[in-house]
A.B. asks: 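I'd like to ask you about the structure that follows.
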Amino acid sequence: TLFPYTTLFRSLAHHLASRPDQPAAALQAYVRERQPRSAKVQQTAATNSTIYHLGLPAALARDTVLRLSSPQSLLERMDWIYGWRPPAHA
C-alpha cells in the first residue's frame with residue numbers, strides 16, 4: 001500500500017508550501033513534526049526485537065503471555081502505529 005508514503009509526501013508538501021522561500025526551515029519543521037513519532041516507532045521495534053528473540057526460560061514466559069492474550073489486544077498494542085493518520089494540515 002502507498003498510504004504511508006503518500007501521507008509523508010503530503011505532510012512534506014504542506015511544510016514546503018507554507019514556507020516557499022525558506023525550504024531549509026520547512027524541512028526542519030517537517031523533521032520536528034516527525035521525529036517524536038519516528039523515535040517511538042524505533043524504540044518499539046527495538047523492544048519487540050528483544051522480546052521476540054528471548055532465549056529460554058524467558059521465551060516460555062513470553063509465549064505464555066502471547067498465548068493468553070487475545071488477538072485483538074495484540075493488535076491494539078500497535079494501533080498507535082497502524083491506526084495513525086496525518087495531522088489535519090497534511
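Residue numbers start at 1 and run along the sequence shown. Here the structure is a predicted model, which is why all the values come from computation and not from measurement.
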A.B. asks: So, taking the atom named NE2 in H53 and the one named CZ in R62, what distance separates them when rounded to the nearest 0.5 Å?
C.D. replies: 9.0 Å

A.B. asks: Nearest 0.5 Å, what's the CZ-OH distance between R77 and Y82?
C.D. replies: 10.5 Å

A.B. asks: Please tell me whether L54 and L66 are part of a single hydrophobic cluster in this structure, the criterion being side-chain heavy atoms less than 4.5 Å apart.
C.D. replies: no

A.B. asks: Checking the side chain of S38 only, and the main-chain atoms of R34 only, is there a donor and an acceptor separated by less than 3.5 Å?
C.D. replies: yes

A.B. asks: Ignoring hydrogens, what is the shortest heavy-atom contact between A29 and R19? Give both atom names and the distance.
C.D. replies: CB-NH1, 4.1 Å

A.B. asks: Let me confirm one number: the NE2-CD distance from H14 to E33, rounded to the nearest 0.5 Å.
C.D. replies: 7.0 Å

A.B. asks: Going from OG on S70 to CD on E76, what distance comes out if it is rounded to the nearest 0.5 angstrom?
C.D. replies: 6.5 Å

A.B. asks: Less than 3.5 Å apart, which donor and acceptor atoms pair up between the side chains of residues 42-50 and the rest of the protein, not counting sequence neighbours?
C.D. replies:
| from | atom 1 | to | atom 2 | distance (Å) |
| --- | --- | --- | --- | --- |
| Q43 | NE2 | T47 | OG1 | 3.3 |
| T44 | OG1 | K40 | O | 2.9 |
| T47 | OG1 | Q43 | O | 3.0 |
| T50 | OG1 | A46 | O | 3.2 |

A.B. asks: Measure the spacing between CG of L74 and CG of D79 and express it to the nearest 0.5 Å.
C.D. replies: 13.0 Å

